[in-house]
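Structure, as structure tokens:
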Amino acid sequence: MKILKELYDYREMIFNLVKKELRGRYKGSVLGFLWTFINPLFQLIIYTIVFSYIMRSGIDKYYLFLFVALIPWIFFQTSLQGGAASIITQKSLVTKIYFPREVIPVSFVTSCFMNMLFCFVIIFIVVGLAGVKLSLLGLLCLPIVMLVEYLLALGFTMIASAVTVYFRDFEHILGIIVMAWMYLTPIIFALDIVPDAFMPIFKYNPLTYVIEAYRDILYAGGVPQMSELLYSFIVGVVVVVIGFIVFAKLKRHFAEEL
Amino acid sequence: MENGNVIELKNIYKKFDLYVDKRQSFKEKFLFHPANNHTEVVVLDDISLSIKKGESVGLIGRNGCGKSTLLKLISRIMYPEKGTVAVEGRVSSLIELGAGFHPDMSGRENIFINASILGLSKKETEERMAQIIEFSELGDFIDNPIRTYSSGMYMRLAFAVAINVDADILLIDEILSVGDISFQKKCFEKLKEIKSRGTTIVIVSHSLGQIEKLCNKSYWIEGGKIICEGSPKAVHKRYLKYMNQDVEEVIKEEKEEEERIEGVTEEPKVEEPKSEEPKVEEPPKEDTEEVHEDVLIETEELRKNSKRWGSREVEITSVELLDDNGNAKGSFKTGENITIVMKYNAKKRIRNIVAGIGIFRADGVNCYGTNTLIDKLKGLTVYKNGEVICKVKNNLLEGNYLLDVALHEPSGYAYDYYREVCKFNVKDDLVEAGIIRLDHTWKY
């Protein structure tokens, strides 16, 4: 609890780090901030070609089906993978100055989250072009879905960032885990084509319901299954709590390990 | 915490694992697990100290004695293995200046970033903005990106932010050397002002003069323990004396001196190596003067000590210059032999060590340097105490000279590299010109 107050005291630092992260990410590149949009756009184009024309999925408006799931997934993926190295990247600060170390992963995940919000501008354009009729209630649920995903991303990133300081391979191991995780979440395919044997994994995966919820709102124009989302929310809270505890334990020796 | 204390350390114990080759990856951590390739180094051993609100405290000791680590524990960058650290109030550390500065952003924007890292809210920063800009002497440059700044401007800005945080406790690590002399003076004045406002200050510095001017108490730390605490002048006197001697010698000498001097200035409380020291009311007058001179000379000696590096697995404990009769001297004639006696202490047996010497003229000209490897000698094996003797025929001409000595591996890895370990001068009966006497003959 004390850490939450401290984080609040250092809110200005979090804000500044997020700003720096967003500004710095594509610094020096010609297209600059546009890359935030171009990257997912091309990913979308590639997946759409593959799954609409080569491995035909038979899903109506596949590009939209994919897009509303892909952008949230990219948020989760970059948070976790980039966040794992975030403490090491901020080495000079960690070894020289006191501030609550939690600031680093929190601001990293938040900057990825902001990126996702910017991408949602494009999502809404695509949704509009596709002629989906959005439900107002569903739209009101959207921030809740985002919050749940934020909690999950934050919790896992806290653990990953702290562990990576002691065990550098974790960053690379995480790359593999995240790749597998993507295919164990219904992102490029629908949940109903998953064979029964694999179903339990999907059922326990909290991200499944988050992705489904995004789809319910933005693809189907409906309202998400709140009971399923509740499961993800609970997992998210538990992971955040565990994340903060693990982090608090491990952060004591950051300055020496770096 | 006890009444009035803002910093309280109790029985602090801190060690570092020093890895010869740190294994951080999976393969190394798991596949080679049985091999234990690290040594534990105790940095702080059972240190207890408390600092009251408004006190200014200096921490002194030679490089690697643990004083900076102590500062890092107080600032919560590190945590002790054993013991407790209690700190009350906002801490600002002038350990790292310009944390988080972004070269492409303007000075003003960077003030916000830097201040936020030091824990200031936007409103608090805005309140201090004018003050910070004024102190930094940057004027209109404040809105230029800081990559266009000179290093002096950069440091001034960084210092201005750090010092205007209005912390309850200010921790300073060896940074009062920023900018030009006038800015240094200004920083120092600012520190005095901050101190007078009741801010608690803890300084780590090699500049004993600064500590004496600013602090009311000094702690001398050596080998992770507080050797001595008390008024800065008294502690520093003892510290300076120690710098050229072994601990044993200090103890011995102190026992001898017990009934002679002391009481010159306020007597420091000595915790180690000795716990009590009787006072004698009337100090002999000449001793007082001698002490003063000692301090002056040895302060210079101390400055040189920052010119020492190496792993210290073997440590050079003393260096003496002897003449042919075996008398230690500081002045030699051209043509006389100089015997350099380097005493060392090795914690473990190490083979194939290279011993070297280097002689520099006071203005920095390298006159001569050699080592046992250059001379194609077998490396020496060290264990515990021993000495290396190098006999030199002194061909140097009149002037002041400095001697460097070193013990290192053939690869160059330094065990103890000690620059300017001692000073000597050379007198020449003849009036030759140059640096060195070359063997020569004339023919007509």
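In what follows, every heavy atom counts, from backbone to side chain, and hydrogens, waters and symmetry copies are set aside. Lettering of chains follows the sequences in order, A, B, ..., and the numbering in each one begins at 1.
- If you measure heavy-atom distances from A:Q90 to chain B, you find no contacts under 4.5 Å at all.
- How far CG of B:N114 is from CD1 of A:I97: 6.5 Å, rounded to the nearest 0.5 Å.
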Just list the side-chain donor-acceptor pairs under 3.5 Å for residues 232-252 of chain A, sequence neighbours left out, or say none.
| unit_1 | atom_1 | unit_2 | atom_2 | d |
| --- | --- | --- | --- | --- |
| A:S232 | OG | A:P206 | O | 2.7 |
| A:K251 | NZ | A:E102 | OE1 | 3.2 |
| A:K251 | NZ | A:E102 | OE2 | 3.2 |

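- When all heavy atoms of B:E81 and A:H253 are compared, the pair lying nearest together is OE2-CE1, 3.4 Å.
- Looking at A:V94, only its backbone comes within 4.5 Å of chain B, counting heavy atoms on both sides.
- Of the two parts of B:K123, neither the backbone nor the side chain holds a non-hydrogen atom closer than 4.5 Å to a non-hydrogen atom of chain A.
- Within a 6.0 Å sphere centred on CZ of A:F202, heavy atoms belonging to other residues, nucleotides or ligands number more than 12.
- The OH atom of A:Y8 sits 9.0 Å away from atom OG of B:S121, with the distance rounded to the nearest 0.5 Å.
- One finds the CZ atom of A:F15 at 5.5 Å from the NZ atom of B:K122 (value rounded to the nearest 0.5 Å).
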- Query: Does the salt bridge (charged side-chain N to carboxylate O under 4.0 Å, His left out) test come out yes or no for B:K14 and A:E256, once each step is laid out?
  - Reply: CA-CA 11 Å; B:K14 176 82 197 159; A:E256 288 144 68; 2.8 Å; yes
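- Here A:L17 contributes atom CG and B:I113 contributes atom CD1; the two are 8.5 Å apart, rounded to the nearest 0.5 Å.
- To the nearest 0.5 Å, atom CD of residue A:E12 and atom OG1 of residue B:T125 are 6.5 Å apart.
- Judged as a side chain to side chain donor-acceptor pair (under 3.5 Å), and not counting sequence neighbours, A:H172 has no contacts.
- Contact check for B:I77 versus A:R101: side-chain heavy atoms found under the 4.5 Å cut-off.
- Rounding to the nearest 0.5 Å places CG of A:N16 at 9.5 Å from CD of B:E109.
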